[in-house]
Amino acid sequence: MNTKKLAVGGILILVVAAFALGVSLYRKQTQSAQDQTVRAEQKRLVRMHSPVLGPQGAPVTIVEFFDPACETCRAFYPIVKSLMAKYPDDVRLVIRYAPFHQGSDQVVKLLEAAKRQGKYQAVLEAVLQAQPTWADHGRPNPDLTFEIAKAAGLDIERAREDMARPEMQALLAQDVKDLTALQVSRTPTFFVNGRSLPTFGPDQLAALVAEEVAKAKR
């Protein structure tokens, strides 16, 4: 009986190990394919319209494909800010939009309207802080973000006019086109100086940023 149990246990361990190895190889192959795509499509990482936080001439660029309704994007925002604070002269953040959730396209246009008023970061942080109130995936209500943005100092009437401009839809379409070409399928997706994360997580992002900063200082 014990021998049979040991045999079954051994088989289960082998199956689990084989599965873990398969997942690891799949992730490496997927990352390699994406990195090759990014190298071939460098121009798609940053566009002239892309919001930039941090010094324009920083040697290390974090590109984040971001959805304002994404809970993980909200969780990562203070992590990215802490990295920028740690390397104030060396790191900048470029935000690209990946409006995967319902209503996110409207919020993206609101953020872009805020940029025209010099209120981008204030509105971004207010919208993220209040995200649970308007981004319920079962019943999203992005209209609430107008009041949130107004409380952050945005001129809402002017913002609505700017949101209706054809260039707003054009920049959103460009970001969607770029994320498709770069094989971005989830948010947030990060690239650090064109390199994707080996595995997803805050520690991996911090390590890759530290590596690129050290490289820039050599």
Checklist line | Heavy-atom closest contact (Ala152 atom, Ala122 atom, distance) | finding: CB-O, 4.1 Å
Next item on the list: Apply side-chain contact (heavy atoms from CB on, under 4.5 Å) to Val123 and Lys115, showing your working.
Entry: CA-CA 9 Å; Val123 172; Lys115 187 170 71 172; over 6 Å; no
Notebook entry, point to check: Are Thr61 and Leu45 side-chain neighbours, meaning at least one heavy-atom pair lies under 4.5 Å?
Noted result: no
Note to self: For Glu125 and Gln121, which I'm curious about, is there any donor-acceptor pair between the side chains at under 3.5 Å?
What the structure shows: yes
Next item on the list: List the steps, then state whether side-chain hydrogen bond (donor to acceptor under 3.5 Å, both in side chains) holds for Gln169 with Asp105.
Entry: CA-CA 9 Å; Gln169 188 59 39; Asp105 54 344; over 6 Å; no
Check: Closest heavy-atom contact between Pro132 and Leu128?
Finding: CD-O, 4.4 Å
Item checked: Gly153 versus Lys119, closest heavy-atom pair with distance -> O-CE, 3.5 Å
Checklist line | Rounded distance (nearest 0.5 Å) linking atom OG of Ser196 with atom CD of Gln204 | finding: 12.0 Å
Next item on the list: Show the numbers, then the answer: is there a side-chain contact (heavy atoms from CB on, under 4.5 Å) between Phe190 and Leu208?
Entry: CA-CA 10 Å; Phe190 294 100; Leu208 190 53; over 6 Å; no
Check: Is the closest side-chain heavy-atom distance between Val176 and Pro99 below 4.5 Å?
Finding: yes
Check: Any salt bridge between Glu71 and Arg74, counting N to O under 4.0 Å?
Finding: no
Item checked: Rounded distance (nearest 0.5 Å) linking atom CD of Glu147 with atom OG1 of Thr133 -> 11.5 Å
Margin query: Under 4.0 Å between a side-chain nitrogen and a carboxylate oxygen: does that hold for Lys217 and Asp90?
Written below: yes
Check: Taking the side chain as C-beta and beyond, is there a heavy-atom pair between Val80 and Leu205 under 4.5 Å?
Finding: yes
Next item on the list: Answer yes or no: are there more than 12 heavy-atom neighbours, outside Gln102 itself, under 6.0 Å from its atom CD?
Entry: no
Next item on the list: Determine whether Val184 and Phe191 make a side-chain contact, defined as any pair of heavy atoms from C-beta on separated by less than 4.5 Å.
Entry: yes
Notebook entry, point to check: Does Lys109 reach the main-chain N or O of Leu172 with its side chain, forming a donor-acceptor pair under 3.5 Å?
Noted result: no
Check: So which heavy atom on Arg92 is nearest to which on Val52, and how close?
Finding: CD-CG1, 4.0 Å
Next item on the list: Compare all side-chain heavy atoms of Phe66 with those of Tyr97 and state whether any distance is below 4.5 angstrom.
Entry: yes
Check: Rounded to the nearest 0.5 Å, how far apart are CG of Leu182 and CD of Gln42?
Finding: 9.0 Å
Notebook entry, point to check: Do Glu112 and Pro51 have side-chain heavy atoms sitting under 4.5 Å apart?
Noted result: yes
Notebook entry, point to check: When the aromatic ring centroids of Phe76 and Phe200 are compared, is their separation below 6.0 Å?
Noted result: yes
Notebook entry, point to check: Shortest non-hydrogen contact from Asp162 to Met168?
Noted result: O-CG, 3.1 Å
Next item on the list: Answer yes or no: does atom NZ of Lys150 have more than 12 heavy-atom neighbours from other residues, nucleotides or ligands under 6.0 Å?
Entry: no
Next item on the list: Kindly write out the residues that satisfy side chain to side chain contact (heavy atoms under 4.5 Å, CB included) with Ala159, not counting sequence neighbours, or none if the list is empty.
Entry: Leu110, Ala113, Gln117, Leu154
Checklist line | Heavy-atom pair with the smallest gap, counting every atom of Val127 and Trp134 | finding: O-NE1, 3.1 Å
Note to self: One thing to verify: whether Glu212 and Lys215 come together as a salt bridge, which I'm taking to mean a side-chain N less than 4.0 angstrom from a carboxylate O.
What the structure shows: yes
Next item on the list: Could you tell me whether the side chain of Thr187 reaches within less than 4.5 Å of the side chain of Phe100, counting heavy atoms only?
Entry: yes
Next item on the list: Would you sort out whether Met163 and Phe146 count as a side-chain contact (heavy atoms from CB on, under 4.5 Å), showing the intermediate values?
Entry: CA-CA 12 Å; Met163 289 171 66; Phe146 287 104; 3.7 Å; yes
Notebook entry, point to check: How many angstroms lie between atom CD1 of Ile148 and atom CD1 of Ile156, to the nearest 0.5 angstrom?
Noted result: 10.0 Å
Item checked: Side-chain touch Cys70/Arg186, heavy atoms, less than 4.5 angstrom -> no
Check: Going by the salt bridge (charged side-chain N to carboxylate O under 4.0 Å, His left out) test, which pairs reach into residues 167-185, not counting sequence neighbours?
Finding: Arg44-Asp178, Arg47-Asp178, Arg96-Asp175, Arg96-Asp178, Arg116-Glu167
